[in-house]
4 protein chains.
Amino acid sequence: MELNVTIEKGSAVPIYAQLSEQIRLLIRRGALSPGESMPTVRSLAVELGINVNTVARVYRDLQRESLLRLERGVGTFVAEGGESRAVEEGDFRSIAAKASELIDLGQGAGLRIGELTQLVETLWKENVNADR
Amino acid sequence: MELNVTIEKGSAVPIYAQLSEQIRLLIRRGALSPGESMPTVRSLAVELGINVNTVARVYRDLQRESLLRLERGVGTFVAEGGESRAVEEGDFRSIAAKASELIDLGQGAGLRIGELTQLVETLWKENVNADR
Amino acid sequence: MELNVTIEKGSAVPIYAQLSEQIRLLIRRGALSPGESMPTVRSLAVELGINVNTVARVYRDLQRESLLRLERGVGTFVAEGGESRAVEEGDFRSIAAKASELIDLGQGAGLRIGELTQLVETLWKENVNADR
Amino acid sequence: MELNVTIEKGSAVPIYAQLSEQIRLLIRRGALSPGESMPTVRSLAVELGINVNTVARVYRDLQRESLLRLERGVGTFVAEGGESRAVEEGDFRSIAAKASELIDLGQGAGLRIGELTQLVETLWKENVNADR
DNA sequence: GTGGTCTAGACCACG
DNA sequence: GTGGTCTAGACCACT
């Protein structure tokens, strides 16, 4: 039940945001399936070397988005509802493949990861604005 | 001399980090050329609706990375040195094109921007680790 | 012997408090009469989808308040004593009618249930303080 | 800038829920107007005798509901947006009047506050279900 | 032993 | 001095 999640402690992005976003992605890509049980707040905190409350906050936040379901005294589970539905596996594979190509190009040109994600974010916003 | 930069005030990412990363990208993509003058700290702060100190801090940080050059009483300029060299224009175009394709796929599959950049980050790290 | 009780699992109010308060009200409004038998701990737990221990705790608490009477090996009954005396039926009807009017007004104005009960609580407290 | 808020520390309802609900009501009833500044997290914590983090959590929760607007380094304000719009003053007055009548009846019949709010909640739910 | 709440106190980002 | 994050640790509600 180890979660494939990595936390950068020095990052400007708060720990809870890093964790939250990564769990969300694991659910969307189908690596975590509806009904599946999540690690306990305590075990995940130990595994990641962060505080229990920080994990609890993330679980609570994701519950409010209907991605997780918390049961007191029982555990935490991936929600069955609509929000937690995964992207189609085929769709996800082509997205991941495209992302890998982008990463290869970026690394080839000597970009850093932050520059690459910043580029994606900037283009995303232009795209959204252009749609208006 | 308006900088094509957008700040999200409510974001978990601190304003200074958003600004710093975006200026860095503008330089790397060649939208800001070596020797070109940057907006004054004050005007950029007003334009973006953020605090003067925040802009000043970013300029200072970028100077330390040799991306900007601060001349007291004159202004701030994009540095001529190595760090501020832009990616080849052709390279950048193919990277941007690839990123656009990725964004289209992601939007088509209903991903949010955070999920997409998270995916890029995750794959980047796997890539780096695989190289070791 | 189904009890007209509803539990909200996700609520900030603990399950035992929700259940306790609702049983108390059923007794006060005369829906449960002195001497009447209560559902078994187990059956009520199943009916409500909550833990047996939680129901048992509520029954124990209500016994301490002399609202219920637990007879080992026999069952649980609404107590005959003073605490469990119901409000006069006519009184209760006018209270319920007034409450319904309040609810209609509240819903008409777009209030949520929590806001309405909060208002009742606030005014209640002001009333009590004013009496002093 | 004292907020007319009361916290019951021993209550089964968590402190953050009590505070959150009361602030929400103050906004809905127009006692707090859009744009108005809220007490600082620290001052409110001191005033209520609770922890700073608890207040901060409430402010954060209410920000997510678009009822408050938090500005780092500046302060907290009632949001201008739609969610924070107050109920019409006349409407609110009739609701409060009706609630007072209900309270008088309830107190006359010897009900406790918890029983009264429980009744309101029960009838509310029946009303909602009946609408379906 | 699970998640939930609360406290106390430190340090950071921002103005 | 403002809000934000994080930690460490206590106690509670529930299974």
Side-chain angles (χ1 to χ4, degrees), chain A residues 7 9-19 37-45 48-60 63 68-77, chain B residues 7 9-20 45 49-58 61, chain C residues 7 9-20 45 49-58 61, chain D residues 7 9-19 37-45 48-60 63 68-77:
Chain A
I7 298 297
K9 285 205 165 178
S11 167
V13 181
I15 293 176
Y16 81 85
Q18 297 178 43
L19 181 54
S37 81
M38 298 285 295
T40 68
V41 286
R42 283 166 180 78
S43 70
L44 187 52
L48 299 176
I50 63 180
N51 191 273
V52 176
N53 288 322
T54 305
V55 177
R57 172 180 173 174
V58 169
Y59 277 15
R60 185 167 17 92
Q63 178 183 37
L68 294 183
R69 174 169 44 86
L70 310 191
E71 294 189 22
R72 279 214 284 217
V74 184
T76 302
F77 305 87
Chain B
I7 298 295
K9 283 203 166 180
S11 166
V13 181
I15 292 174
Y16 83 87
Q18 296 179 44
L19 181 54
S20 170
I50 63 181
N51 193 274
V52 177
N53 293 322
T54 306
V55 178
R57 171 181 171 170
V58 169
D61 286 358
Chain C
I7 298 296
K9 283 204 164 179
S11 167
V13 181
I15 293 175
Y16 83 87
Q18 296 180 44
L19 180 55
S20 171
I50 63 179
N51 192 275
V52 177
N53 292 322
T54 306
V55 178
R57 171 179 171 171
V58 169
D61 286 358
Chain D
I7 298 297
K9 284 207 166 179
S11 167
V13 182
I15 292 176
Y16 81 84
Q18 296 178 44
L19 181 54
S37 80
M38 297 286 295
T40 68
V41 286
R42 282 165 180 79
S43 70
L44 187 52
L48 299 175
I50 63 180
N51 190 273
V52 175
N53 288 320
T54 305
V55 177
R57 172 181 172 172
V58 169
Y59 277 15
R60 185 167 16 94
Q63 178 183 38
L68 294 183
R69 174 169 45 86
L70 311 191
E71 293 188 23
R72 280 214 282 216
V74 184
T76 302
F77 306 86

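What you see is a predicted model; the values in this text were computed from it and never measured.
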#### Entry: Which residue lies more 5' along DNA chain E, comparing A/Ala12 with D/Lys9 via nearest heavy atoms
D/Lys9
### Query
What integer distance in Å separates B/Ile7:CD1 from E/dG15:C1'?
16 Å
### Task
Sort out the partner of F/dC14 for me: Watson-Crick or G-U wobble, both distances under 3.5 Å, none otherwise.
E/dG1
### Message
On DNA chain E, compare the nucleotides closest to D/Gly49 and B/Ile15; which residue's is nearer the 5' end?
### Response
D/Gly49
### Query
Could you give the CE-to-P distance, from A/Met38 to E/dG4, as a whole number of Å?
13 Å
### Query
Looking at E/dG3, does its base get a donor-acceptor pair with the side chain of A/Arg42 below 3.5 Å?
yes
### Message
Of the options E/dT5, E/dC14, F/dT7, whose atoms approach the side-chain atoms of B/Pro14 most closely?
### Response
E/dC14
### Query
Does the F/dG4 base have a donor-acceptor partner in the side chain of D/Asn53 within less than 3.5 Å?
no
### Query
Is the closest side-chain heavy-atom distance between D/Arg42 and D/Val55 below 4.5 Å?
no
### Message
How many whole angstroms separate atom CG of D/Leu48 from atom C1' of E/dC6?
### Response
14 Å
### Message
Quick check on F/dC14: is either OP1 or OP2 less than 4.0 Å from any side-chain nitrogen or oxygen of C/Tyr16?
### Response
no
#### Entry: OP1 or OP2 of F/dG4 under 4.0 Å from side-chain N/O of D/Arg60
no
### Task
Establish, with yes or no, whether the OP1 or OP2 oxygen of F/dT7 is under 4.0 angstrom from a side-chain nitrogen or oxygen of A/Thr54.
yes
#### Entry: Nucleotide E/dT7, atom P - distance to CG of D/Leu19 in whole Å
11 Å
### Query
OP1 or OP2 of F/dG3 less than 4.0 angstrom from a side-chain nitrogen or oxygen of D/Tyr59, does that happen here?
no
## Note on the structure
In short, D/Lys9 meets D/Gly49 closest at the heavy-atom pair NZ-O, 2.6 Å
### Query
Side-chain donor or acceptor of D/Asn51 under 3.5 Å from a matching atom on the base of E/dG9?
no
### Message
Can you tell me how far apart CD (A/Gln63) and OG1 (A/Thr76) are? Round to the nearest 0.5 Å.
### Response
8.5 Å
### Query
Minimum heavy-atom separation for B/Tyr16 to B/Val58, with atom names?
O-CG2, 3.4 Å
### Message
Quick check for you: among F/dG3, E/dC6, E/dT5, whose closest atom lies nearest to any side-chain atom of D/Arg72?
### Response
F/dG3
### Task
Please tell me which of the listed nucleotides, F/dT15, F/dG3, E/dG4, lies nearest to the side chain of D/Leu70?
F/dG3
### Task
Would you kindly compare D/Val41 and C/Arg57 by the position of their nearest DNA chain F nucleotide and give the one closer to the 5′ end?
D/Val41
### Query
Between A/Glu71 (CD) and F/dA13 (P), how many Å, whole number?
19 Å
### Query
Is there a side-chain contact between D/Thr54 and D/Leu48, using heavy atoms and a 4.5 Å cut-off?
no
